Amino acid sequence: MMLKKAFFRKLQKEYETYEAERREVIKVAGDALARSKQAIFAFHRDDRPAGERLLGEARTFQQMLKARFARTPGLVWEGSYRAMLEEYVEAMLYGAFLRGEVVDAIDAPGMDADAYLGGLADFTGELVRRAVTEATRHNVAEVHRCHATVTAVVAELVQINIVGPLRPKYDQTKTNLRKLEEILYDLSLRGR
């Protein structure tokens, strides 16, 4: 059997080019993911200016990847990029909640329903953390606002037949709702 060397050199070049692009996506996505996590942490510390700045940096990193995705569209499915998208959605939604904005679409290269729904589910966990903090501050109105938001999210998610890797995240949203109900119950008992 004869092998056509030119063909195999072409395959090698394509593979090496893809791997170089992939490594860069992993690095930049990691930087964006870190900024999104840091933004959430800043928001929990009531440092909204830092949180917004960090979200802006995460967006900048995403924009850096647009050209790579145009050249090699398959890279939007790279695991590290998918994880970053979910974290970014979570951070963006938490920032929007703190600003009193309505939950809406989030634009990012490669954003799809899976990434958005994963981030939305994780966002409900941030609201539980906020409710615990606000309950210790005796800010019952904010606990109610967290509860109302998670209730609305769960009400929308039950309309979707979520299966596969997103199912545990969906189940966690229901657990988060139950935790918020318990917090409100405890607050009602203490208010008597």
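Since this is a predicted model, take the numbers as computed values, not measurements.
Between E181 and R178 there is no salt bridge, since no side-chain N of the basic residue sits under 4.0 Å from a carboxylate O of the acidic one. Note on K10 versus E14: salt bridge recorded, some NZ/NE/NH1/NH2 to OD/OE distance being below 4.0 Å. A salt bridge is defined here as a Lys NZ or Arg NE, NH1 or NH2 lying under 4.0 Å from an Asp or Glu carboxylate O, and R48 with E52 fails to meet this definition. With salt bridges taken as basic N to acidic carboxylate O contacts below 4.0 Å, none links D186 and K179.
Linking ILVMFWY residues whenever their side-chain heavy atoms come closer than 4.5 Å, directly or via other members, places V103 and L180 in the same cluster. In this structure, I26 is not a member of the same hydrophobic cluster as W77, with clusters built from ILVMFWY side-chain heavy atoms closer than 4.5 Å. L54 and F43 sit in two unconnected hydrophobic clusters of ILVMFWY residues. Membership requires side-chain heavy atoms under 4.5 Å apart, directly or through other members.
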Evaluate salt bridge (Lys or Arg N to Asp or Glu O under 4.0 Å) for R129 paired with E126, printing each intermediate quantity in order. CA-CA 5 Å; R129 281 183 64 194; E126 300 306 332; 3.4 Å; yes
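Residues that satisfy the side-chain hydrogen bond (donor to acceptor under 3.5 Å, both in side chains) test with T124, not counting sequence neighbours, are N176.
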Give every donor-acceptor pair under 3.5 Å between a side-chain atom in residues 106-121 and any protein atom, sequence neighbours left out.
from : atom 1 : to   : atom 2 : distance (Å)
D112 : OD1    : R82  : NH2    : 2.6
D112 : OD1    : D114 : N      : 3.4
D112 : OD1    : A115 : N      : 3.0
D112 : OD2    : R82  : NH2    : 2.8
Y116 : OH     : D104 : O      : 2.7

Please tabulate, for the side chains in residues 149-164, all donor-acceptor contacts under 3.5 angstrom to protein atoms that are two or more places apart in sequence or on a different chain.
from : atom 1 : to   : atom 2 : distance (Å)
T149 : OG1    : R145 : O      : 3.0
T151 : OG1    : H147 : O      : 2.8

Please tabulate, for side-chain N and O atoms in residues 84-92, each donor-acceptor pair with protein atoms closer than 3.5 Å (sequence neighbours left out).
from : atom 1 : to   : atom 2 : distance (Å)
E86  : OE1    : K169 : NZ     : 2.8
Y88  : OH     : R59  : NH1    : 3.4

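You'll find the side chain of F97 reaches within 4.5 Å of the side chain of F123, heavy atoms only. Using a 4.5 Å cut-off on side-chain heavy atoms (C-beta onward), R35 and L55 make no contact.
Note that the CD1 atom of I40 and the CZ atom of R45 stand 12.0 Å from one another [nearest 0.5 Å]. The OH atom of Y94 sits 14.5 Å away from the OG atom of S36 when rounded to the nearest 0.5 Å. Here H144 contributes atom NE2 and L184 contributes atom CG; the two are 5.0 Å apart, rounded to the nearest 0.5 Å. Between the CG atom in L33 and the CD atom in Q38 there is a gap of 9.5 Å [rounded to 0.5 Å]. Rounded to the nearest 0.5 Å, atoms NZ (K66) and CD (Q62) are 9.5 Å apart. To the nearest 0.5 angstrom, N139 atom CG is 10.0 Å from L187 atom CG.
Of all heavy-atom pairs between A58 and A32, the closest is CB-O, 3.7 Å. The heavy-atom pair separating S80 from V25 by the smallest distance is OG-O, 4.4 Å. Residues A70 and P73 come closest through the heavy atom pair O-CD, 4.1 Å.
In F41, the CZ atom is not crowded: 12 or fewer heavy atoms of neighbouring residues, nucleotides or ligands sit closer than 6.0 Å. Residue-environment remark: NZ (K174) exceeds the threshold of 12 foreign heavy atoms within 6.0 Å.
Listed by first then second residue, pairs satisfying salt bridge (Lys or Arg N to Asp or Glu O under 4.0 Å) with a partner in residues 69-80 read E21-R71, R22-E78, not counting sequence neighbours. Within the structure, side chain to side chain donor-acceptor pair (under 3.5 Å) contacts touching residues 23-34 (residues at least two apart or in different chains) are K27-D31.
A distance below 6.0 Å separates the ring centres of Y81 and F69.
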